[in-house]
Every structure is written in structure tokens, then in C-alpha cells.
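Take a look at the structure set out below.
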Amino acid sequence: MTETLTIALLGLKAIAFALASIVVVVWGFSVALRRKLRDILLRWEKPVFGVWTAILFVGGLAFLSGGMLGYAFYVKYGTVSEEALLWRAISSVCFGLIGLVALLYFGLRFQYIQPLSERGFYQIAYDWERLRWRVELIPWEKVYDYYVHSDDILTHFTLLLRDKREIVFTAPTHLRDIIERIIEFGTDKYTFLQNYGYRITRSSEG
């Protein structure tokens, strides 16, 4: 029994070390991505992040169960026996792993955020060749129109750009109105400047 517990403890420590390394890398990417985003008006989680949420929730629940089970056996075997000490160590590592899972959740969460800026729409994609996030700010003046398709939970926006591209993104349906107001304000401001900016400049020069 003692040998088995020792192997289990070493395995959990290896998992903790690997998970801690992943957390450091993920947070490094999150900080680098955050520095590229400016003047955020609105942001929300991309629907695909729900898969990560489910996976991390199950993992956290498993470690919580392991920690509670380890503590129960620690109490059962007393506080001085070798087996009790191993169970306590296993319990401690499991509870530490829960903290790492939580840190991983928040680190990944920021990388699955879709932001809207005062200046335009941020298109974010991971560049696998350079191993970094690629961020493109699409100014509102490049958007000449858009259309929307909604269901009960999600709303799908398609931005039509002046360079003939189409940008598609998805948001929770309850955010539809505010997103439409942001898009319309940005595009209307550009239209106003196009129509009257030159006249205002000529008038001020005169």
C-alpha cells in the first residue's frame, strides 16, 4: 500500500509540474495578447471556450474529489503513520492542482475573448508558424455594411468590408443591440467625416 501511494504521489507531482509549466506559458500568451488590444468598448467569451470550461471543470472536480478522499484517509489512518502522511501529501497536491486549474482557466479565458474597440473590430487568430497571436484591427471606416442572423442563444454577425472581405463573428444574443449600436456608431461617424470633413476643413482654412 505504501509503495502504491508513493507512486501515486510522484505521479500527481509530475502532473502538477507539467500543469504549472502550461499555466506559465498560457499566461505569457495572455499578457502578450492583452498588450495588443486598446480602447475596448465591449468584450465577451467566444462560444468555443465552453469546451475548455467543461474540460477544466471536470478536471477541477476530479482533483477536488481526490483531495477530499486523501484527507479522509489521512484522518482514518491517524496523523503519524507513514500511510497517513502519504495520504496528506496526496491531498495537498490535489488541492494545489485545483488552484492551477483555476489559473489555467483564467489564462485561457482571456485568449478566447472577442473584443470590440472604439476604433474598430479586432480579428484575432493564432499564427501556428510563428507561435503567437496575430491581431488585426479592422477600422470601422472599412465596414460599409453588415447583416445579422440570430437564434435563441447566439447571434452571428457578418461585416462587409470595402476591400470585398467578409468578417464573421458570433456573440450572445443578449448583446445584439449594443453590438449593433457600436457598429452603427462607428460606421456613421466615418460617413459623417467623409461627407462633411472636407467642407469643415475648407471652411476653417478660409
Side-chain angles (χ1 to χ4, degrees), residues 23-57 102-206:
V23 167
V24 170
V25 172
V26 167
W27 272 95
F29 278 113
S30 294
V31 171
L33 177 59
R34 185 170 185 175
R35 289 175 177 173
K36 296 180 180 180
L37 306 179
R38 297 287 186 273
D39 305 321
I40 303 302
L41 291 176
L42 181 67
R43 62 185 184 182
W44 63 91
E45 294 177 11
K46 295 179 181 178
V48 69
F49 186 65
V51 177
W52 280 109
T53 300
I55 292 173
L56 294 176
F57 176 78
L103 288 174
L104 182 59
Y105 170 82
F106 289 109
L108 282 173
R109 182 173 179 266
F110 190 82
Q111 297 183 52
Y112 284 90
I113 291 293
Q114 176 58 62
L116 287 185
S117 168
E118 181 181 343
R119 297 178 296 161
F121 174 84
Y122 276 112
Q123 187 174 32
I124 302 172
Y126 192 74
D127 188 341
W128 287 100
E129 293 183 0
R130 299 184 179 182
L131 297 178
R132 65 181 184 182
W133 286 104
R134 178 171 51 82
V135 178
E136 179 187 4
L137 176 64
I138 300 172
W140 293 124
E141 55 262 30
K142 289 188 176 182
V143 180
Y144 75 87
D145 201 359
Y146 73 96
Y147 59 88
V148 180
H149 171 69
S150 291
D151 52 37
D152 293 336
I153 301 175
L154 299 174
T155 296
H156 309 279
F157 291 83
T158 301
L159 303 179
L160 305 177
L161 307 186
R162 300 180 189 279
D163 61 5
K164 308 303 182 182
R165 285 189 297 165
E166 294 185 2
I167 303 297
V168 180
F169 66 93
T170 303
T173 294
H174 70 273
L175 295 177
R176 173 176 175 172
D177 290 342
I178 188 171
I179 292 174
E180 287 189 301
R181 287 199 295 269
I182 291 173
I183 295 173
E184 289 169 3
F185 175 79
T187 54
D188 288 348
K189 182 172 66 174
Y190 172 74
T191 302
F192 175 82
L193 292 175
Q194 282 287 94
N195 292 336
Y196 300 102
Y198 179 73
R199 299 179 190 177
I200 294 171
T201 301
R202 294 282 297 177
S203 176
S204 62
E205 289 177 351

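All values below were derived from every heavy atom in this structure, side-chain atoms included, with hydrogens, water molecules and symmetry-related copies excluded.
Residue Phe106 qualifies as open at atom CZ: its count of foreign heavy atoms under 6.0 Å is 12 or below. Counting non-hydrogen atoms of neighbouring residues, nucleotides and ligands closer than 6.0 angstrom, the CZ atom of Arg165 exceeds 12 such neighbours. Counted within 6.0 Å of CH2 on Trp44, heavy atoms from surrounding residues, nucleotides or ligands total more than 12; the atom is thus considered enclosed. Surrounding CD1 of Ile153 are at most 12 heavy atoms belonging to other residues, nucleotides or ligands under 6.0 Å away. In this structure, Arg119 places its CZ atom where more than 12 heavy-atom neighbours from other residues, nucleotides or ligands lie under 6.0 Å away.
Judged by distance alone, with hydrogens and angles left aside, the side-chain atoms of Thr187 form no donor-acceptor pair with the main-chain N or O of Val143 at under 3.5 Å. In terms of modelled atom types and a separation under 3.5 Å, the side chain of Gln111 and the main chain of Leu33 share no donor-acceptor contact. Put simply, the side chain of Trp27 gets close to the backbone of Leu103: a donor and an acceptor are under 3.5 Å apart. Side-chain atoms of Trp133 never come within 3.5 Å of backbone atoms of Arg34 as a donor-acceptor pair (strictly under, hydrogens ignored). Using modelled atom types, one side-chain atom of Arg38 and one backbone atom of Arg35 make a donor-acceptor pair closer than 3.5 Å. Under a 3.5 Å cut-off, the side chain of Arg109 and the backbone N or O of Thr53 do not form any donor-acceptor pair. Between the Thr173 side chain and the Asp151 main chain, a donor and an acceptor come within less than 3.5 Å of each other.
Taking CD of Gln123 as the reference point, atom CD of Gln114 lies at 8.5 Å (rounded to 0.5 Å). The distance from atom CG of Leu175 to atom OG1 of Thr155, rounded to the nearest 0.5 Å, is 8.5 Å. In this structure, CZ in Phe29 is found 11.5 Å from CG in Leu108, a value given to the nearest 0.5 Å.
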Intermediate values then yes/no, side chain to side chain contact (heavy atoms under 4.5 Å, CB included), Phe121 and Leu161: CA-CA 11 Å; Phe121 174 84; Leu161 307 186; over 6 Å; no
Check against side chain to side chain contact (heavy atoms under 4.5 Å, CB included), Tyr147 and Glu166: CA-CA 11 Å; Tyr147 59 88; Glu166 294 185 2; 4.1 Å; yes
Residues Ile138, Ile167; criterion side chain to side chain contact (heavy atoms under 4.5 Å, CB included); working and verdict: CA-CA 10 Å; Ile138 300 172; Ile167 303 297; 3.7 Å; yes
Side chain to side chain contact (heavy atoms under 4.5 Å, CB included) between Ile113 and Lys46, worked out: CA-CA 6 Å; Ile113 291 293; Lys46 295 179 181 178; over 6 Å; no
Verdict with supporting geometry, Phe169 and Tyr122, ring-ring contact (aromatic ring centres under 6.0 Å, His included): CA-CA 10 Å; Phe169 66 93; Tyr122 276 112; over 10 Å; no
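Using a 4.5 Å heavy-atom threshold, the side chains of Tyr105 and Val26 count as separate.
Partner of Glu118 under the side chain to side chain contact (heavy atoms under 4.5 Å, CB included) criterion, chosen from Leu41, Ile182, Ile40: Leu41.
In this pair, Tyr112 and Trp52 present their aromatic rings tilted. The plane angle is within the 30 to 60° band.
Across every non-hydrogen atom of Glu180 and Phe157, the tightest pair is CG-CE2, 3.9 Å. Closest approach of Ser30 and Gly107 over heavy atoms only: OG-O, 2.6 Å. Of all heavy-atom pairs between Leu137 and Ser117, the closest is CD1-CB, 4.4 Å. Closest heavy-atom contact between Pro115 and Ile124: CD-CD1, 3.8 Å.
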